[in-house]
Enquirer: 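Pasting a structure here, questions to come.
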Protein chains: 2
Amino acid sequence: MISQTSEYALRAVIHLAHYSGSARTTQQIADATRVPSGYLSKVLQALARAGLVRSQRGLGGGFTLARNEAEVTMLDVIRAVDQPLERINACPLGLVTHTELCPLHRKLDEAVEWVEASFGSTMIADLLGKGEVEPLCDASTEKDVTLRVTRNKSE
Amino acid sequence: MISQTSEYALRAVIHLAHYSGSARTTQQIADATRVPSGYLSKVLQALARAGLVRSQRGLGGGFTLARNEAEVTMLDVIRAVDQPLERINACPLGLVTHTELCPLHRKLDEAVEWVEASFGSTMIADLLGKGEVEPLCDASTEKDVTLRVTRNKSE
DNA sequence: CATCAATTGGATCATGATGTACGGATCTGC
DNA sequence: GCAGATCCGTACATCATGATCCAATTGATG
């Protein structure tokens, strides 16, 4: 549905929103969200370039949310790290005779439209789930969490 | 939204539905749908393996739809060529403490669900657009179609 | 100055998308 | 039935890109 990178970005942002106030280091975020830290570093940088997070070097540094979690949408986060999930405006075949989209591309655009509307109206704050279910997917503690065995296709 | 490969597969199937009855060669399909023929060949293979199209070698051969266009969904076609766009059933982080999905993954799954429902209930026949707009994106003739200039990022 | 943590650049690996080329099947004309 | 023209089937080779890791560098803090 969305790229791995977008997933990672969303997890990171949600994590930061959860720890809003204190700076979180790349390693801390990586551990909590189960994202490879080396890659997360680049994802966080993209988020920083987009102005969604602020970074602070040195002791006590790390990342913090740059904007209020009630004002940032899922779509904002996705757009910061991936290319923009565009609507289909013109016939992808480039046929000028088609002033309207053919049924296929109308249907495909409809899906893009729905996803855009859904993700575009969902704030990060909506994903924190106060009380009901645990905030992100980081359980009680951040270390020693029991993992379910994930099957690789190589086996 | 969907992969290039899925797009190609859908175009090909729609083209075949439009020419239902007569066999269409890979080259004919490629020309009409603006898909690289070399690649299309493999896409058609996958469709054949999935039982969606039938192939016939030799003179006068080509591909035909194996099932009625009113009984095949967009999702069937997509599933034949791409890995299956799965619902999110369990926490992707593998946390066993999460019996329910966290808000993020519930939202993401919701999108998958919608797309699945939309594509799963749209038949190929629905994409032919009898009369209103041109069938697929192949305009009046299949050759000498005026193309809109498509900009490459390399320029 | 020593330590900590982000920043950056490059190396690697898998995979999707594409082109090429050859072999096997099938039909047509004789 | 034989020859040759078609047309699918498949195996490689290539290229771009997403995802990943690692090491060196820069900047902040005490």
Side-chain angles (χ1 to χ4, degrees), chain A residues 1-12 16 19 22-66 78 80-85 92 152-154, chain B residues 1-12 16 19 22-31 33-66 78 80-85 92 152-155:
Chain A
M1 194 70 234
I2 62 174
S3 73
Q4 195 78 349
T5 306
S6 289
E7 251 263 8
Y8 292 168
L10 284 167
R11 290 190 202 171
L16 288 181
Y19 284 87
S22 52
R24 306 291 291 170
T25 190
T26 303
Q27 198 56 52
Q28 290 175 319
I29 305 173
D31 289 343
T33 60
R34 313 273 155 183
V35 174
S37 61
Y39 192 57
L40 181 61
S41 174
K42 309 207 165 173
V43 175
L44 285 169
Q45 193 178 321
L47 291 175
R49 269 195 299 273
L52 292 180
V53 304
R54 240 189 300 273
S55 64
Q56 181 70 19
R57 300 210 238 201
L59 221 177
F63 291 90
T64 50
L65 270 194
I78 293 173
V81 296
D82 268 346
Q83 75 272 30
L85 175 66
N152 280 338
K153 63 180 111 178
S154 57
Chain B
M1 194 70 231
I2 62 175
S3 73
Q4 195 77 350
T5 306
S6 289
E7 251 264 9
Y8 292 168
L10 284 167
R11 289 189 202 172
L16 289 181
Y19 284 86
S22 53
R24 305 291 292 171
T25 191
T26 303
Q27 198 54 53
Q28 290 175 319
I29 305 173
D31 288 344
T33 61
R34 315 273 153 180
V35 173
S37 61
Y39 193 58
L40 180 62
S41 174
K42 314 200 172 177
V43 174
L44 287 168
Q45 283 330 303
L47 291 175
R49 270 194 298 274
L52 292 180
V53 304
R54 242 189 298 272
S55 64
Q56 180 69 20
R57 297 209 238 201
L59 223 178
F63 290 90
T64 50
L65 271 194
I78 293 172
V81 296
D82 267 347
Q83 75 273 27
L85 176 65
N152 281 336
K153 63 180 110 178
S154 57
E155 301 181 48

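Below, read A as the first sequence line, B as the second, and so on, with proteins coming before strands; counting in each chain starts at 1.
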Enquirer: Compare every heavy atom of Ala23(A) with every heavy atom of Gly60(A), then report the nearest pair and how far apart it is.
Expert: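 Closest approach of Gly60(A) to Ala23(A), heavy atoms only: O-CB, 3.9 Å.
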
Enquirer: Taking only the side-chain heavy atoms of Ser55(B) (C-beta and beyond), determine which of dG19(C), dC8(D), dA6(C) contains the nearest atom.
Expert: dC8(D)

Enquirer: Would you say Ser41(B) reaches dT10(D)'s phosphate, i.e. side-chain N/O to OP1/OP2 under 4.0 Å?
Expert: no

Enquirer: If you take any heavy atom closer than 4.0 Å to DNA chain D, which residues from residues 45-54 of chain B end up in contact?
Expert: Gln45(B)

Enquirer: Report the C-alpha distance between Val35(A) and Ile29(A) in whole Å, list the side-chain angles of each, state the deciding distance to 0.1 Å, and finish with yes or no for side-chain contact (heavy atoms from CB on, under 4.5 Å).
Expert: CA-CA 8 Å; Val35(A) 174; Ile29(A) 305 173; over 6 Å; no

Enquirer: For the pair made of OH in Tyr8(A) and P in dG18(D), what is the distance, rounded to whole Å?
Expert: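 To the nearest whole Å, that distance equals 15 Å.
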
Enquirer: Compare all side-chain heavy atoms of Thr26(B) with those of Phe63(B) and state whether any distance is below 4.5 angstrom.
Expert: yes

Enquirer: Return whichever of Gly58(A) or Ser3(A) has its heavy-atom-nearest nucleotide of DNA chain D closer to the 5' end.
Expert: Ser3(A)

Enquirer: Only one of Leu47(B), Val81(B), Leu44(B), Leu16(B) clears side-chain contact (heavy atoms from CB on, under 4.5 Å) with Leu52(B); which?
Expert: Leu47(B)

Enquirer: I want to check something: taking the side chain as every heavy atom from C-beta on, are Leu85(B) and Ile78(B) in contact at a cut-off of under 4.5 Å?
Expert: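 Not in contact.
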
Enquirer: Ser6(B) or Thr25(A): which one's nearest nucleotide on DNA chain C is closer to the 5' end?
Expert: Thr25(A)

Enquirer: Starting at atom CD of Gln28(B), determine the distance to atom P of dT6(D), rounded to an integer number of angstrom.
Expert: 13 Å

Enquirer: Are any of Ser37(A)'s side-chain N or O atoms less than 4.0 Å away from OP1 or OP2 of dC21(D)?
Expert: no

Enquirer: For Arg11(A) and dA19(D), give me the distance from atom CZ to atom C1', rounded to whole Å.
Expert: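 So the CZ-C1' distance, Arg11(A) to dA19(D), works out to 14 Å.
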
Enquirer: Give me the atom names and distance for the closest heavy-atom approach of Arg34(B) to Arg11(B).
Expert: O-NH1, 3.6 Å

Enquirer: dA14(C) P sits how many Å from Gln83(B) CD, rounded?
Expert: 17 Å

Enquirer: Specify the separation, in whole Å, of atom CZ of Arg57(B) and atom C1' of dG23(C).
Expert: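 Checked: the CZ to C1' distance equals 9 Å.
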
Enquirer: Can you check the Gln4(B) CD to dA16(D) P distance for me, whole Å?
Expert: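 Between P of dA16(D) and CD of Gln4(B): 16 Å.
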
Enquirer: Considering all heavy atoms of both residues, which atom of Ala12(A) and which atom of Thr33(A) are nearest to each other, and what is their separation?
Expert: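 Ala12(A) and Thr33(A) have their closest heavy atoms at N-CG2, 4.4 Å.
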
Enquirer: Thr26(A) side chain N/O closer than 4.0 Å to the phosphate oxygens (OP1, OP2) of dA5(C)?
Expert: no

Enquirer: So Gln56(B), base contact, sugar-phosphate only, or nothing? Heavy-atom distance under 4.0 Å.
Expert: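 Counting heavy atoms under 4.0 Å across all strands, the contact made by Gln56(B) is with sugar-phosphate only.
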
Enquirer: dG9(C) base to Lys42(A) side chain: any donor-acceptor pair below 3.5 Å?
Expert: yes

Enquirer: For Arg34(A) and dT20(D), give me the distance from atom CZ to atom P, rounded to whole Å.
Expert: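 Distance, rounded to whole Å: 15 Å.
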
Enquirer: Check whether any side-chain N or O of Thr25(B) sits under 3.5 Å from a backbone N or O of Gln28(B) as a donor-acceptor pair, and report yes or no.
Expert: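 Here the side-chain-to-backbone pair does not exist.
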
Enquirer: Are the side chains of Ile2(A) and Asp82(A) in touch, meaning some heavy atoms are under 4.5 Å apart?
Expert: no

Enquirer: What nitrogen or oxygen pairs link the protein and nucleotides 28-30 of chain C at under 3.5 Å?
Expert:
none

Enquirer: Taking all non-hydrogen atoms of both residues into account, name the closest pair between Ala80(B) and Ala50(B) and its distance.
Expert: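 Scanning both residues completely, I find the closest heavy atoms to be CB-CB, 3.6 Å.
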
Enquirer: I want to verify a distance call: between dT26(D), dG9(D), dA19(D), whose nearest atom is closest to the Phe63(B) side chain?
Expert: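 Closest nucleotide among those given: dG9(D).
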
Enquirer: Rounded to whole Å, how long is the line connecting atom CZ of Arg24(A) with atom P of dA5(C)?
Expert: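 Going from Arg24(A) (CZ) to dA5(C) (P), I get 12 Å.
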
